[in-house]
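Side chains are part of it too, since the values below use all heavy atoms of this structure and drop only hydrogens, waters and symmetry mates. Sequence lines set the chain letters: A, B, ... in the order given, protein chains first and strands last, and positions in each chain run from 1.
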There are 2 protein chains.
Amino acid sequence: MDRQKIKEAGLKLTPQRLAILDYLRDNLEHPSAEDIYKAMLERFPTMSLATVYNTLETLREKGAIQEVTIDPQKKRFDPNPRPHHHLICTRCKRVLDIHIDYQLHVPEAKKNGFEIVGNHIEFYGICPDCRLKMSVMQS
Amino acid sequence: MDRQKIKEAGLKLTPQRLAILDYLRDNLEHPSAEDIYKAMLERFPTMSLATVYNTLETLREKGAIQEVTIDPQKKRFDPNPRPHHHLICTRCKRVLDIHIDYQLHVPEAKKNGFEIVGNHIEFYGICPDCRLKMSVMQS
DNA sequence: TATAAAATGATAATATTTATCAAGTAAGAA
DNA sequence: TTCTTACTTGATAAATATTATCATTTTATA
């Protein structure tokens, strides 16, 4: 399936691209380039960080993955290119997908002349792990 | 009003803080630290970039302004600390505020154990200026 | 004023991302 | 299968953004 994604995007099939897509597939962590690079090094000791960045940018450009602007420190990547929303732990920065179709109507008067083509909702909260840690610290 | 904001935050009143708050007030551009720094230099040639970062971080920490994670390249700052949404031009990265109170209910089953405390909606679109430029280019 | 705590400014250090380019590789042509 | 070319990789330099350090200066208060 990864092979197809790459071919469909009109890109050459390389082991690096396959490895990155394989790592991203079913990955719910929304990893950063650095995260991906580290994971790659384990099974692919020669891969360059530049290749990770190149690959991610190329895949994003072709619509095969999505870049999520959620972490002020760094870009993070989402293997799911379809529009969806995110649930973010404000403490540990964990990001989970939320698939709900909200109908968000913006009155013409508030559009400021924009032609609106999409939206993205960030829900902020504290994840179960952090809730636990916080309650432990208090006691 | 800026003086009060600073005092309320328990901070010392400095010309630098006043100048930054003054610049941010009524600023709808959601400027970056660099933007603010450049603007400061004009009326305040000795101000350091470090001071801009320090001030912004301090003000954010105290809840006087908001950091918006919208631009993958850099942090941007919003003088309005109250929750609201944003309208982003995907072409020129211009950001406008949208004040609409949406009731976004997340079913318990989709919360993944998170305790949700807030949300932020990004609306994507093309601003009037860019629409114009694009139509000119086509013709 | 004098003093202590806090803030500024200069600059170094770090982190993240992009650019450059020689060498290697994939994919289609012959 | 081999050749050829365009694309890709990997190494590294460069650029950009942010944070840290710390001596000096300034603010707020006594």
Over all heavy atoms of both residues, which pair between B:V106 and B:K111 is shortest? Give the atoms and the distance, please.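 In terms of heavy atoms, the two residues are closest at O-CE, 3.3 Å.
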If I compare all heavy atoms of A:I88 with all of B:F114, which pair ends up nearest, and what's the gap?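 What the structure gives for the nearest pair is C-CE2, 3.7 Å.
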Please tell me which of the listed nucleotides, [options], lies nearest to the side chain of [X]?
{"X": "B:T46", "options": "D:dT9, C:dG9, D:dA17", "answer": "C:dG9"}
{"X": "B:A50", "options": "C:dA10, D:dG10, C:dT18", "answer": "C:dA10"}
{"X": "A:T55", "options": "D:dT18, D:dT9, C:dT8", "answer": "D:dT9"}

DNA chain D-proximal residues of residues 27-35 of chain B, any heavy atom under 4.0 Å: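 Residues of residues 27-35 of chain B under 4.0 Å from DNA chain D: none.
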Quick check on contacts: within residues 7-14 of chain A, what sits under 4.0 Å from DNA chain D by heavy-atom distance?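 Residues of residues 7-14 of chain A that come under 4.0 Å of DNA chain D are, in numerical order, A:L11, A:K12, A:T14.
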Whether [X] contacts [N] is assessed here as follows: a side-chain N or O lying under 4.0 Å from the phosphate OP1 or OP2. Is that the case?
{"X": "A:Y53", "N": "C:dT18", "result": "no"}
{"X": "B:S48", "N": "C:dT8", "result": "no"}
{"X": "B:Q16", "N": "C:dG9", "result": "yes"}
{"X": "A:K75", "N": "C:dA15", "result": "no"}

Quick one: [X] [atom1] to [N] [atom2], roughly how many Å, whole number?
{"X": "B:K74", "N": "C:dT16", "atom1": "NZ", "atom2": "P", "value": "17 Å"}
{"X": "B:E61", "N": "D:dT19", "atom1": "CD", "atom2": "P", "value": "12 Å"}
{"X": "B:R17", "N": "C:dA7", "atom1": "CZ", "atom2": "C1'", "value": "6 Å"}
{"X": "A:E57", "N": "D:dT9", "atom1": "CD", "atom2": "P", "value": "14 Å"}
{"X": "B:R76", "N": "D:dT18", "atom1": "CZ", "atom2": "C1'", "value": "17 Å"}
{"X": "A:L49", "N": "C:dT20", "atom1": "CG", "atom2": "C1'", "value": "15 Å"}
{"X": "A:E67", "N": "C:dT16", "atom1": "CD", "atom2": "P", "value": "15 Å"}
{"X": "A:L18", "N": "C:dA26", "atom1": "CG", "atom2": "P", "value": "11 Å"}

Under 3.5 Å side-chain donor-acceptor pair for [X] and [Y]:
{"X": "B:D101", "Y": "B:Q103", "result": "yes"}
{"X": "B:D78", "Y": "B:H86", "result": "yes"}
{"X": "A:H120", "Y": "A:H84", "result": "no"}
{"X": "A:D35", "Y": "A:S32", "result": "yes"}

Taking 4.0 angstrom as the limit, do A:R76 and A:E67 come out as a salt bridge?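 Here A:R76 does not pair with A:E67 in a salt bridge, since their nearest N and O are not under 4.0 Å apart.
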Check for a donor-acceptor pair, side chain of A:R131 on one end and backbone N or O of B:G113 on the other, with a separation under 3.5 Å.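 Yes, because the side chain of A:R131 sits within donor-acceptor range (under 3.5 Å) of the backbone of B:G113.
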Backbone of B:H99 reached by a side-chain donor or acceptor of A:K110 within 3.5 Å: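 Yes, A:K110 side chain to B:H99 backbone: donor-acceptor pair under 3.5 Å.
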Between B:P15 and B:Q73, name the one whose nearest nucleotide on DNA chain C is closer to the 5' end.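 Result of the comparison: B:P15.
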Quick one: do B:N119 and A:H85 satisfy side chain to side chain donor-acceptor pair (under 3.5 Å)? Show the steps, please. CA-CA 11 Å; B:N119 64 65; A:H85 306 303; over 6 Å; no
